[in-house]
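Values in this document were obtained by computation on a predicted structure and should not be read as measured data. Hydrogens, waters and symmetry mates play no part in the numbers below; they use all other heavy atoms, side chains included. Order of the sequence lines fixes the chain letters, A, B, ..., with proteins taken first and strands second; residue numbering starts at 1 for each chain.
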There are 2 protein chains.
Amino acid sequence: MEIFPSIDHASRCTTCAIRHRSICDALSATEILSLNRIARSRVVPAGQMILGEGQARTVFANIVSGVVKLTKTLDDGRQHIIGLLFASDFLGRAYRAENPYFAEAATDVELCVFPTAGFERLLAEHPGLEHRLFQYTLTELDACQEWMLLLARKKAEERVASFLLMIAKRVPNMECSRVERRDEVHFVLPLSRAEISDCLGLTIETVSRQITRLKTRGVIELVNYREILIPDLARLQEAAYDAPAKVPLPKARRSVPAED
Amino acid sequence: MEIFPSIDHASRCTTCAIRHRSICDALSATEILSLNRIARSRVVPAGQMILGEGQARTVFANIVSGVVKLTKTLDDGRQHIIGLLFASDFLGRAYRAENPYFAEAATDVELCVFPTAGFERLLAEHPGLEHRLFQYTLTELDACQEWMLLLARKKAEERVASFLLMIAKRVPNMECSRVERRDEVHFVLPLSRAEISDCLGLTIETVSRQITRLKTRGVIELVNYREILIPDLARLQEAAYDAPAKVPLPKARRSVPAED
DNA sequence: CGTATTCTTGAGCCCCGTCAAAATCGGTGG
DNA sequence: CCACCGATTTTGACGGGGCTCAAGAATACG
């Protein structure tokens with residue numbers, strides 16, 4: 001694992017694109033300086049492994065740009081993407097002897113890498129940093145539990161719509177997309193169909209069919225395989241069955257078949 | 001929400017059954033005393049709601065005994081149990097304005113309850129407590145991500161076996177079960193079939209059929225609907241597809257790159 | 001322009017969901 | 001102790017959503 005020498009301690013953080021969205025946000029000027037001193041920039045090409053499942057932790061990192069996928073695999077090859085990391089997200093499981101997942105660059109990725117020992121020392125010395133990481137972990141847990149509901153109970157079309165919605169919300173922060181009109185979103189998918197199916201617990205073919213279905217119904221438009229235009233976010237949200245949970249329902253515990 | 005007056009500050013924690021497994025474990029004698037001062041015991045009968053989804057947080061608590069289920073629900077009634085809490089587990093999402101889930105007693109439950117404001121003050125004053133809670137949250141996240149793989153990729157029988165395995169590992173800490181011989185486990189299910197199906201993303205009928213199947217194959221024995229005997233944990237583990245790599249089957253579609 | 005990869009589309013099937021009914025359990029009262 | 005009743009669980013029959021297998025189109029790449 002090659003580490004590039006850091007070049008400019010003084011300015012790197014001040015010009016950092018994710019400075020105020022990452023875990024660094026909560027740090028004071030002096031804390032930032034400490035962190036900066038051990039940080040190294042690193043660029044990882046799409047498809048390359050960053051961390052191996054079960055291997056000893058080698059590194060922590062902020063995602064500066066690009067998308068990282070975290071996967072878990074069953075022995076027979078069945079696998080699942082348990083999480084996606086976007087710009088400003090944090091990679092690495094503090095306080096664990098080994099990684100519980102496999103981390104791989106889904107697109108070309110820029111990382112701000114912190115060596116294990118140094119980062120954990122900082123964590124111990126600066127309570128503010130640990131607190132921020134705790135906050136971030138809670139957000140991760142929220143997202144994970146939300147996704148469980150999708151995997152357990154949503155239909156294929158709802159899953160695909162939910163996925164596109166999630167991407168639409170997170171990717172526009174990057175340069176490859178922009179909001180062009182209110183409620184109209186345009187972005188480039190960071191994942192292949194195979195990877196999407198591994199996010200959703202479906203097969204490639206089902207994902208493809210559901211995307212076609214959404215296209216046919218006019219909920220989305222495909223510029224090309226990877227590029228998607230969403231004319232009306234509300235309609236996609238509807239297809240995702242993402243409506244906010246209302247008041248506790250009347251004891252209807254068994255699934256009620258969806259109407260319309 | 002009725003709060004019982006605390007009776008014996010001095011002795012409660014020293015006689016607490018979960019004293020050394022809960023988040024209290026990491027606390028010093030003086031910290032324990034502070035926590036103890038605001039703690040209240042509370043007993044919740046099976047089926048009663050403890051925390052409402054989306055409602056303002058009212059309370060944090062240690063589970064002293066019993067099982068608590070955490071559920072999320074879609075508007076049309078589809079629901080999922082995103083987590084189970086057993087003795088020594090912690091209930092409540094610190095730093096969040098509202099609860100992201102419903103918490104309900106699955107069995108009769110004994111809680112050690114901490115009022116919101118008091119607990120958060122302690123959290124701020126005693127870094128050790130926050131650190132411990134962070135550790136606990138990381139464990140929760142691990143479990144959640146593991147469960148996602150189950151929901152996304154395991155077959156019905158594997159799911160049910162995995163569930164029984166999980167219960168077998170956690171429930172024996174309670175008085176309602178005991179290890180009788182090496183690899184033989186006997187326990188009482190804390191959940192109904194309906195609740196199990198909501199854990200696994202299946203239907204009641206499928207859960208029932210798979211349990212029957214496991215029984216027919218001799219992997220488990222049913223004393224009655226709720227009471228289960230596992231003659232050989234290894235066989236159940238096998239059925240759960242929880243085992244370490246045997247024969248990596250024909251290169252799956254997207255294989256894990258890079259084994260070093 | 002040719003080849004490899006990715007994506008789409010089609011046909012058939014199977015696992016699991018749905019609907020329905022029977023069996024078992026737990027509790028209650030005679 | 002037993003009869004009865006509601007709730008839970010099991011079992012059966014059947015259908016459909018999504019998986020599998022297999023081409024065929026579109027795209028990327030040299």
Side-chain angles (χ1 to χ4, degrees), chain A residues 45-47 76-80 106-108 150-161 163-164 188-216 220 222-228 241 251-259, chain B residues 46-47 76-80 106-107 150-161 164 188-198 200-216 220-228 241 249-255 257:
Chain A
D76 59 4
R78 284 180 286 179
Q79 71 177 326
H80 181 62
T107 66
D108 291 345
L150 174 148
L151 292 172
R153 292 302 180 201
K154 286 193 179 179
K155 301 241 178 281
E157 185 179 330
E158 295 169 334
R159 295 190 199 191
V160 171
F163 174 83
L164 295 176
V188 174
L189 282 175
L191 303 186
S192 68
R193 297 291 187 270
E195 290 167 323
I196 294 172
S197 71
D198 277 341
C199 276
L200 298 175
L202 300 169
T203 59
I204 300 181
E205 295 91 330
T206 299
V207 169
S208 177
R209 272 186 260 267
Q210 296 304 334
I211 287 181
T212 304
R213 237 166 90 86
L214 287 171
K215 187 179 65 178
T216 307
I220 64 174
L222 264 71
V223 181
N224 59 48
Y225 288 164
R226 287 274 187 151
E227 220 174 323
I228 288 188
Y241 208 89
K251 260 318 190 182
R253 64 148 311 289
R254 209 77 297 278
S255 69
V256 177
E259 60 272 59
Chain B
D76 59 4
R78 286 179 286 180
Q79 72 177 325
H80 180 63
T107 66
L150 174 148
L151 293 172
R153 292 303 182 202
K154 286 194 178 177
K155 301 245 178 276
E157 186 179 330
E158 295 169 334
R159 294 190 200 192
V160 171
L164 294 176
V188 174
L189 282 175
L191 303 187
S192 69
R193 299 291 186 270
E195 290 167 323
I196 294 173
S197 71
D198 277 341
L200 298 175
L202 299 169
T203 59
I204 300 180
E205 296 91 330
T206 299
V207 169
S208 177
R209 272 186 261 266
Q210 296 304 335
I211 287 181
T212 305
R213 238 166 88 88
L214 288 170
K215 187 178 63 179
T216 307
I220 64 174
E221 292 169 32
L222 265 73
V223 181
N224 59 48
Y225 289 163
R226 287 274 187 149
E227 219 174 325
I228 288 188
Y241 208 89
L249 293 184
K251 265 304 193 188
R253 167 164 52 75
R254 288 152 270 98
S255 62

*Is the side chain of Glu227(B) donor-acceptor paired with the backbone N or O of Asn224(B) at a distance under 3.5 Å, no angle test?*
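A pair under 3.5 Å: no.
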About how many Å separate [atom2] of [Y] and [atom1] of [X], when rounded to the nearest 0.5 Å?
X         : Y         : atom1 : atom2 : value
Ser208(A) : Ile196(A) : OG    : CD1   : 9.5 Å
Lys155(A) : Tyr241(A) : NZ    : OH    : 11.5 Å
Gln210(A) : Glu157(A) : CD    : CD    : 5.5 Å

*For nucleotides 14-21 of chain D, just jot down a letter per nucleotide in 5' to 3' order: B, S or -, based on protein non-hydrogen atoms under 4.0 Å.*
----SSBB
*Is the closest side-chain heavy-atom distance between Arg153(B) and Asp198(A) below 4.5 Å?*
yes
Round to a whole Å and report the spacing from [atom1] of [X] to [atom2] of [N].
X         : N       : atom1 : atom2 : value
Leu189(A) : dT8(C)  : CG    : C1'   : 15 Å
Leu191(A) : dT5(C)  : CG    : P     : 20 Å
Ile196(A) : dC7(C)  : CD1   : P     : 8 Å
Tyr225(A) : dA28(D) : OH    : P     : 9 Å
Glu227(B) : dG26(C) : CD    : P     : 10 Å
Lys215(B) : dT10(D) : NZ    : C1'   : 9 Å
Leu200(B) : dC16(C) : CG    : C1'   : 13 Å

*What does Ser208(A) touch in the nucleic acid at a heavy-atom separation under 4.0 angstrom: a base, only the sugar-phosphate, or nothing?*
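Base contact.
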*After noting the C-alpha distance and the side-chain angles of Leu151(B) and His80(B), does the key distance pass the side chain to side chain contact (heavy atoms under 4.5 Å, CB included) rule?*
CA-CA 11 Å; Leu151(B) 293 172; His80(B) 180 63; 3.7 Å; yes
